[in-house]
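Whatever order the structure lists them in is the order used to number ligands and atoms, beginning at 1.
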Amino acid sequence: MALLSIVLPAYNEEQNIGNTASVLSALLAENAIEYELIFISDGSRDGTYEEIVKVARENPRVKGAEFSRNFGKEAGIFAGLELTGGDAVIVMDCDLQHPPSVIPEMWRLWQEGAEVVEGIKTARGRESLGHKLSAGLFYKIMSCLIKMDMNASSDFKLLDRKVVDVLLALPERNTFFRALSFWAGFRTEAVHYEVQERQFGESKWSFLSLMRYAISNATSFSTLPLQLVTVMGLVSILFSVVLAAQTLVRFLMGTSVEGFTTVILLILIIGGFLMLSLGIIGHYIARIYEEVKGRPKYIISKVTDNVKGEIIGAWRKGK
Ligand code: UDP
Ligand code: MG
């Protein structure tokens, strides 16, 4: 019988673990789906990992691991994928904002041959205005740079074993899970869902962390900002040709004394463009530097008893 693995990254979610595990177990048992739940505690500072251990003791289908510090949701997802043994894998938030009720539908589509089932948001639950605005800006930047509609997409998706293996074999450190499933291709279906309200606790994203996430994902998926540097250079050259012609004409006519305003403006504009371009290039160099160092995406500090030894071995070696 086919096995479904569910990966749930969790950061300071002690109130959610028990509830989420029981909601999912009940639902999957009801639908006669063989399953395992994999909770990855992302260096939580509350009792998240202790909760995972408790749930794992009660239900052997629950496994979990703890990171040595907060490595971010992306790392949590990839650590979870590494631990899965299922024929299909679903990644979802552990705050139940991704409604479990669509899981049977995803499973059915997979059984009918879909290799990727994307969860598409129809509504973004109730959020604070600030969060809505920053998330809105985040998706605008992302969609524009990656040339994929990111607004409706989410990390809630089902992946076939084949796709999971492809993603796990990627050598890059700075991953962007949401866009990688588009990039990988495969036979894709979609299910639509309404983002639910958070059960307990609050969102872990601040405006700043969202912006950082946007910039880091954009640069890991697009070189458009680098090309922008070329465009700015071209614009400056055009501008300078016009000015050069004007300056020469004035010189030949013997009226070339004025023009300090132009000089000051030119210095400011060109200086600005240069700094901006250097910044963009510097950002990419930083990314290359990070990739070249080849540090692991995450460090595991603890795993529940039912996690197989060889997997931890692979992790410890810095997978
Ligand atoms: N999360 C994580 N590491 C982080 C931040 C968040 O693993 O550094 C997890 C979090 O526990 C939750 C999911 O990612 O399961 C989504 O986070 P959150 O609910 O805070 O984001 P939102 O739903 O507001 O986008
Ligand atoms: Mg959430």
Whether Arg69 engages the ring of Phe67 as a cation-pi pair (distance to the six-membered ring centre under 6.0 angstrom, angle to the ring normal within 45°) should be assessed. no
Could you tell me, atom by atom, which parts of ligand 1 come under 4.0 Å of a heavy atom of Gln97? 19 (O), 22 (P), 23 (O)
With atoms numbered from 1 as shown, which atoms in ligand 1 lie under 4.0 angstrom from a non-hydrogen atom of Asp95? 19 (O), 23 (O)
Does the ring of Phe177 carry Lys157 above it, NZ/CZ under 6.0 angstrom from centre and within 45° of its axis? yes
Any ion pair linking Arg295 and Glu290 (charged N to carboxylate O, less than 4.0 Å)? no
What atoms of ligand 1 come within less than 4.0 Å of a heavy atom belonging to Ala10? 7 (O), 11 (O)
Among the N, O or S atoms of Asp95, the one nearest the Mg ion (ligand 2): OD2
Between Asp93 and the Mg ion (ligand 2), is there a contact where an N/O/S atom of the residue lies under 2.8 Å from the metal? no
In the single-linkage hydrophobic clustering (I, L, V, M, F, W, Y; side-chain heavy atoms under 4.5 Å), do Ile33 and Leu96 co-cluster? no
Proximal atoms of ligand 1 relative to Glu13 (non-hydrogen, under 4.0 Å): 10 (C), 11 (O), 12 (C), 15 (O)
For Asp93, atoms of ligand 1 separated by under 4.0 Å from a heavy atom: 13 (C), 15 (O), 16 (C), 23 (O)
Does ligand 1 have a heavy atom under 4.0 Å from the side chain of Lys73, from its backbone, from both, or from neither? both
In ligand 1, which numbered atoms sit nearer than 4.0 Å to a non-hydrogen atom of Gly72? 3 (N), 8 (O)
Closer than 4.0 angstrom, basic N to acidic O: yes or no for Asp93 and Lys73? yes
Can you name the atoms of ligand 1, numbered from 1 with element, that are less than 4.0 Å from a heavy atom of Cys94? 15 (O)
Kindly compute the distance separating OG1 (Thr304) from NZ (Lys54), expressed to the nearest 0.5 Å. 15.5 Å
When you check the side-chain N and O atoms of Ser301 and Tyr49, is any donor under 3.5 Å from an acceptor? no
Proximal atoms of ligand 1 relative to Asp42 (non-hydrogen, under 4.0 Å): 2 (C), 3 (N), 4 (C), 7 (O), 8 (O)
Any side-chain donor-acceptor pair under 3.5 Å between Arg161 and Thr84? yes
Any heavy atom of Asn12 under 4.0 Å from ligand 1? The part involved is neither
